[in-house]
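To start, the structure under review is shown below, and the notes come after it.
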Amino acid sequence: MFNYIGVTTMKAIDFKTVFKHIPTVSYIINNDDQYTVELISEAIEQLTGYAKKMFEKNTFYRDLIHPEDRQAVISHVLEATRKKTNYSLTYRLVHKDGHIIWVIEKGRAVFDGVNHIDYYVGMIDNISDYKMTESLLKNREALLEAILKATETLLSAYDYNDVMHTCFAILGKANRVHRIYYYQNSIYQGQQVTSLKHEWVTGDITPHIDDPNQQNIPFEAMKTFFEPLLRKAPYEYI
């Protein structure tokens, strides 16, 4: 059995658009006096129960950290920043409805020059279901590390197209999948179509990137694929 990851978008590659839709909570935080959130993915809504707009340009997320964990979280991030290393920690969040969520957060300060911090980039994942299972927790932690590494690669790239294969390789190996692909949607001869633009495969898989049949595929020919995507839901197809 082979495992795959797919990505499709209606626009040309736009990092902010892709970033906001990453399934795991992803963020970019400004290096200002309050460490305000510059960009955060829509997954924050499912994690916390609050609308994404509640977190942008302010410090609202910090208020959701359990009071008993808040200072330890801040101290850990500041210490890792001082050492110029990644931070990795688990702590509790208070959901909108009041229940407690265990999360794991991984991130780092990105330096512009020797000592000036440009911004912080990181990922947050709900590990409540994995908290009692060490092996599953390690798998989730490895996946989060890969997502963070891929995100940093994208952020540092002059042209995102140049590093897509590198990012796919990072994510593919961490997810233990055999193929990752990226389709770009557009209008062709008056109808909505999708075309394969980037692909990563393991050695056992035949790539499709050069197959002309994977270009300008009408939406109508892939209803099973597009019906959930147009509802902003993931698809599963066997």
Side-chain angles (χ1 to χ4, degrees), residues 5 15 18-32 34-48 55 59-95 100-112 114-157 163 166-177:
I5 293 178
F15 176 73
V18 174
F19 184 93
K20 288 181 180 180
H21 291 84
I22 293 175
T24 301
V25 175
S26 311
Y27 63 77
I28 296 175
I29 293 178
N30 295 313
N31 180 32
D32 54 27
Q34 298 298 316
Y35 300 104
T36 56
V37 174
E38 174 64 26
L39 192 65
I40 196 163
S41 64
E42 293 181 356
I44 192 68
E45 297 185 350
Q46 183 177 359
L47 179 68
T48 66
F55 299 89
T59 60
F60 181 65
Y61 180 84
R62 191 185 308 169
D63 297 334
L64 302 185
I65 299 175
H66 194 285
E68 295 178 4
D69 298 342
R70 192 174 299 148
Q71 188 54 52
V73 169
I74 295 172
S75 297
H76 184 98
V77 172
L78 291 178
E79 179 64 12
T81 301
R82 185 183 67 81
K83 295 179 178 179
K84 296 185 178 181
T85 60
N86 288 11
Y87 48 86
S88 177
L89 61 159
T90 61
Y91 56 89
R92 293 165 291 177
L93 285 181
V94 182
H95 191 273
I100 300 299
I101 309 162
W102 277 97
V103 300
I104 182 170
E105 179 175 354
K106 283 181 172 288
R108 67 175 292 111
V110 178
F111 290 83
D112 181 12
V114 180
N115 292 312
H116 179 262
I117 301 172
D118 199 5
Y119 54 85
Y120 292 83
V121 59
M123 310 284 163
I124 303 167
D125 196 19
N126 187 345
I127 58 168
S128 299
D129 293 339
Y130 303 92
K131 187 62 181 171
M132 301 304 294
T133 310
E134 185 176 356
S135 61
L136 289 177
L137 182 56
K138 286 182 178 179
N139 288 341
R140 295 296 293 185
E141 188 171 359
L143 177 57
L144 206 62
E145 187 73 37
I147 295 173
L148 176 61
K149 186 175 181 181
T151 300
E152 288 188 84
T153 302
L154 283 170
L155 283 171
S156 62
V163 297
T166 299
C167 292
F168 283 1
I170 293 169
L171 296 174
K173 292 172 183 177
N175 278 280
R176 299 177 184 177
V177 298

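Computed from a prediction, not measured in an experiment: that's the story for all the values here. Reckoned from all heavy atoms, side chains included, excluding hydrogens, waters and symmetry mates.
In this structure the side chain of T81 reaches within 4.5 angstrom of the side chain of Y120, judged on heavy atoms. Looking at heavy atoms from C-beta onward, T36 lies out of side-chain contact with I29 at the 4.5 angstrom threshold. Looking only at side-chain heavy atoms (C-beta outward), E152 and L148 come within less than 4.5 Å of each other.
Although no hydrogens or angles enter the test, the distance criterion places no donor-acceptor pair under 3.5 Å between the side chain of D118 and the main chain of D112. Between the S128 side chain and the W102 main chain, a donor and an acceptor come within less than 3.5 Å of each other. R70 contributes a side-chain N or O that, together with a main-chain N or O of D63, makes up a donor-acceptor pair within less than 3.5 Å. Remark: the backbone N or O of Q34 is paired with a side-chain donor or acceptor of R62 at under 3.5 angstrom. Between the side chain of T59 and the backbone N or O of Y35 there is no donor-acceptor pair closer than 3.5 Å.
Between K84 atom NZ and I117 atom CD1 the span is 9.0 Å, to the nearest 0.5 Å. The OG1 atom of T48 sits 8.0 Å away from atom CG of L93, with the distance rounded to the nearest 0.5 Å. Separation of atoms CG (L39) and CG (N30) is listed at 10.0 Å; rounding is to 0.5 Å. The CD atom of E38 sits 11.5 Å away from the OH atom of Y119 when rounded to the nearest 0.5 Å. The CD atom of E105 sits 5.5 Å away from atom CG of L89, with the distance rounded to the nearest 0.5 Å. Here the CD atom belonging to E145 is positioned 10.5 Å from the CD1 atom belonging to I147, to the nearest 0.5 angstrom.
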Next on the checklist: Let's go through I100 and V94 carefully: what are the C-alpha distance in whole Å and the side-chain angles of both, what is the deciding distance for side-chain contact (heavy atoms from CB on, under 4.5 Å) to 0.1 Å, and is it a yes or a no?
Outcome noted: CA-CA 5 Å; I100 300 299; V94 182; 3.9 Å; yes
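A salt bridge links K83 with E79: the closest approach of a Lys/Arg side-chain nitrogen to an acidic carboxylate oxygen falls below 4.0 angstrom.
Taking the six-membered ring where tryptophan is involved, the planes of Y91 and Y61 are perpendicular, since the angle between them exceeds 60° and thus also 30°.
Across all their heavy atoms, H76 and S88 have their closest contact at NE2-O, 3.3 Å. Smallest separation of non-hydrogen atoms from V25 and S41: CA-OG, 3.2 Å. Nearest heavy-atom pair across A80 and Y87 is CB-CB, 3.7 Å. Closest approach of I170 and A146 over heavy atoms only: CG2-O, 3.4 Å.
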